[in-house]
Amino acid sequence: MNDRELEAAVVRKVGESRAAAEEFFAKRGAEVVAMARAMASAFDNGARLFVMGNGGSACDALHMAVEFSHPIVEKRPALPATALCADPIMITAIGNDLDFSMVFARQIEREGRAGDIAVGISTSGQSANVLRGLRAARDAGMLTIGLAGRDGGRMVDACDHILIVPSFSIHRIQETHEQLLHILWDLIHVIRGEEDVL
Amino acid sequence: MKYLDEYRDGDAARALIAAIERTASKPWVIMEVCGGQTHAIVKYGLDRLLGDSVELVHGPGCPVCVTPLEMIDRAHHIASQPDVVFCSFGDMLRVPGSDGDLLGLKATGADVRVVYSPLDTLAIAQANPDKRVVFFAIGFETTAPANAMAVSLAAKRGVRNLSFLVSHVLVPPVMSSILQAPDNRVQAFLGPGHVCAVMGIREYEPLAERYRVPIVVTGFEPIDLLEGILRSVQRLEQDQPGVEIRYGRAVRQCGNPASQALIGDVFDVCDRKWRGVGTIPKSGLKLSYPYAAFDAERVFDDSTAIVTEEPDVCISGLVLRGLKKPNQCPAFGTRCTPDTPLGATMVSGEGACAAYMAYGRMEMAQ
């Protein structure tokens, strides 16, 4: 490919990304709001947020945790949030001694309380450790939230609220998830009475 | 016989074929996914009756055919151990591994038994407490609930000398793999009726939308298949991708939630190698962590390397992806026959090669 073709590819890919996100939010706006309201209500009652994912979705989990626990807007309160993929000691200990599918569930069983929030992120909706984490959260009486792709896989049955980006491209799914976590953070604060400044 | 004769009615079939020919403005390529559908198509000559309006290509819906050679060899390795009772459905006994088949191993004295249900292995294990009993758990989503039930009951009853060699595969990922291939010719699918009876159709909707294909879930009788083909052609002519159920007597949109819950509890999704196709991400099932003690791959874990070698001449992989027909294989009907199969598609009762042999397609190979 020559440079002109590569530049055209750049424009095309950005267009695909934008189209995927616009289509998703146009169709799922009501569900985004419902999810934000459920999370806002949980925070009003003292919930803590636990986020989990693998690979790129682990990066999104870390990003979500820092957005909530260290807000970019000064006036907005910090909310307790932890990424369950952040501690390599726990991940390797549980993965080595039990099974990699249990790395999030075990942490949820230890840390989670009824009324807390568990967010699972998986582009395929089939990640075993995310699924077990969500099921452990549900067993603990936590609010279960899913960000998924494709058809949502097995996460559909494990979540109280789930948003599925109906794409087969991991990049497009992740790009929409990134926007989603920002929008959720923002909506939650607005619902809780903060000024809509963004 | 009610619910059978009407689905084999010749007049109805001829009317449907005429409707298909009237509807098709150009030739379309449709893949039937299930091996059972392939057999019905070949048995009743539906592919020949359709003429040029529709080309039916045969899909990878034969779980025996797609079980990787490494797994067959691993089964042989386990079955050859003196304290093992190795249980399997009958069709797996004649699938050739790198060095013979399970039936040959039985002839040398190995305790290899045919069972008709995975639940039978519970009784065998309880009756033979000094033996290690293993069940070869292969199949698509159709057989997963029964295998999951056997594992679940083994756990509840504490049957510790029973384990399962799992090689389950999932249909939607292989369909996606076929559609993504640069040499793909498939324009529509006859969806897997009994898989969808278990899983519903939700997983197929993103496929239909992403690749803009009709997926018509059909049954296994001639009228079922022809109705499915007609609807596929109608949708293709109207450029109307999407999923449709044409097997309403067995399939609901939601499938069987109880089976899905049991599968979800006992199995995790994993990457799986498909014989003739390669490894497809998240296309298989393995036992989940709570049932790890029943996983034969862990129970019989050893460092013995399994080195596999497929016969060079076998083109079963191309047949499974719909790129070749069985009678285009140079070995078909000569070196490769039901008595001397080179590949799994000839051995398995659901394999396309076995279907062609069974229903008189020999003359086309001459």
Side-chain angles (χ1 to χ4, degrees), chain A residues 16 19-20 23-24 27 54-57 94-106 108-109 120 122-136 138-139 144 146 148-159 162-173 176, chain B residues 141 144 168 170-173 175-180 196 199-213 215 241-243 253-272 280-293 295 297-298:
Chain A
E16 285 171 4
E23 185 182 346
F24 172 81
K27 285 183 179 171
N54 297 285
S57 296
I94 299 168
N96 185 61
D97 294 346
L98 297 179
D99 191 78
F100 193 67
S101 68
M102 298 300 291
V103 294
F104 300 135
R106 275 298 157 110
I108 291 277
E109 286 163 10
S122 168
T123 57
S124 67
Q126 304 278 34
S127 296
N129 54 13
V130 172
L131 282 163
R132 294 210 172 267
L134 288 167
R135 286 176 194 157
R138 178 166 274 178
D139 289 345
T144 50
R150 297 195 178 202
D151 66 331
R154 292 172 161 196
M155 282 174 65
V156 172
D157 297 323
C159 295
I162 184 167
L163 287 165
I164 302 166
V165 181
S167 171
F168 276 71
S169 165
I170 292 176
H171 285 174
R172 302 294 90 84
I173 296 168
T176 305
Chain B
E141 294 94 322
H168 272 294
L170 305 172
V171 171
M175 287 173 64
S176 180
S177 172
I178 288 167
L179 288 163
Q180 286 176 39
C196 290
M199 301 302 293
I201 63 171
R202 179 172 60 82
E203 297 170 299
Y204 298 87
E205 288 161 343
L207 282 175
E209 187 175 327
R210 166 75 172 88
Y211 296 104
R212 298 202 54 76
V213 290
I215 301 173
V243 185
Q253 279 204 326
C254 63
N256 185 321
S259 291
Q260 292 165 31
L262 188 55
I263 292 170
D265 177 49
V266 172
F267 294 114
D268 282 338
V269 174
C270 64
D271 296 345
R272 183 66 71 193
I280 302 176
K282 301 200 190 302
S283 66
L285 296 176
K286 64 174 185 176
L287 282 178
S288 63
Y289 168 71
Y291 301 97
D295 186 346
E297 290 200 79
R298 292 183 189 230

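Chain identifiers are assigned alphabetically (A, B, ...) following the order of the sequence lines, protein sequences preceding nucleic acid strands; residue numbering begins at 1 within each chain. Heavy atoms only: backbone and side chains are in, while hydrogens, waters and symmetry mates are out.
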S.K.: Do E209(B) and D151(A) make a side-chain contact, defined as non-hydrogen atoms from C-beta onward lying under 4.5 Å apart?
M.R.: no

S.K.: Nearest heavy-atom pair of F168(A) and P206(B): which atoms, and what distance?
M.R.: CE1-O, 3.4 Å

S.K.: Can you tell me how far CZ of R154(A) sits from CD of Q260(B), rounded to the nearest 0.5 angstrom?
M.R.: 10.0 Å

S.K.: Identify which part of I263(B) has an atom lying under 4.5 Å from any heavy atom of chain A, answering side chain, backbone, both or neither.
M.R.: both

S.K.: Quick check on S288(B) against chain A: is it the side chain, the backbone, both or neither that has a heavy atom closer than 4.5 Å?
M.R.: both

S.K.: Return yes when atom CD1 of I170(A) has more than 12 non-hydrogen atoms of other residues, nucleotides or ligands closer than 6.0 Å, and no otherwise.
M.R.: no

S.K.: Please look at E205(B) and chain A and tell me whether the side chain, the backbone, both or neither of the residue comes under 4.5 angstrom of a heavy atom of that chain.
M.R.: neither

S.K.: Please tell me if the side chains of Q126(A) and P281(B) come closer than 4.5 Å, counting only heavy atoms from C-beta onward.
M.R.: no

S.K.: Is it the case that more than 12 heavy atoms not belonging to Q180(B) sit under 6.0 Å from its CD atom?
M.R.: yes

S.K.: If I measure from the heavy atoms of chain B, does I164(A) come under 4.5 Å with its side chain, its backbone, both, or neither?
M.R.: neither

S.K.: Checking heavy atoms, do the side chain of R202(B), its backbone, both or neither come under 4.5 Å from chain A?
M.R.: both

S.K.: Under a 4.5 Å cutoff for heavy-atom pairs, which residue among S167(A), S127(A), G153(A), G152(A) has the most contacts with chain B?
M.R.: G153(A)

S.K.: To the nearest 0.5 Å, what is the distance between CG (D268(B)) and CZ (F100(A))?
M.R.: 12.0 Å

S.K.: Search all heavy atoms of S124(A) against all heavy atoms of K282(B) and return the closest pair with its distance.
M.R.: OG-CE, 3.2 Å

S.K.: Using non-hydrogen atoms and a 4.5 Å limit, figure out which bit of P290(B) sits close to chain A: side chain, backbone, both or neither.
M.R.: side chain

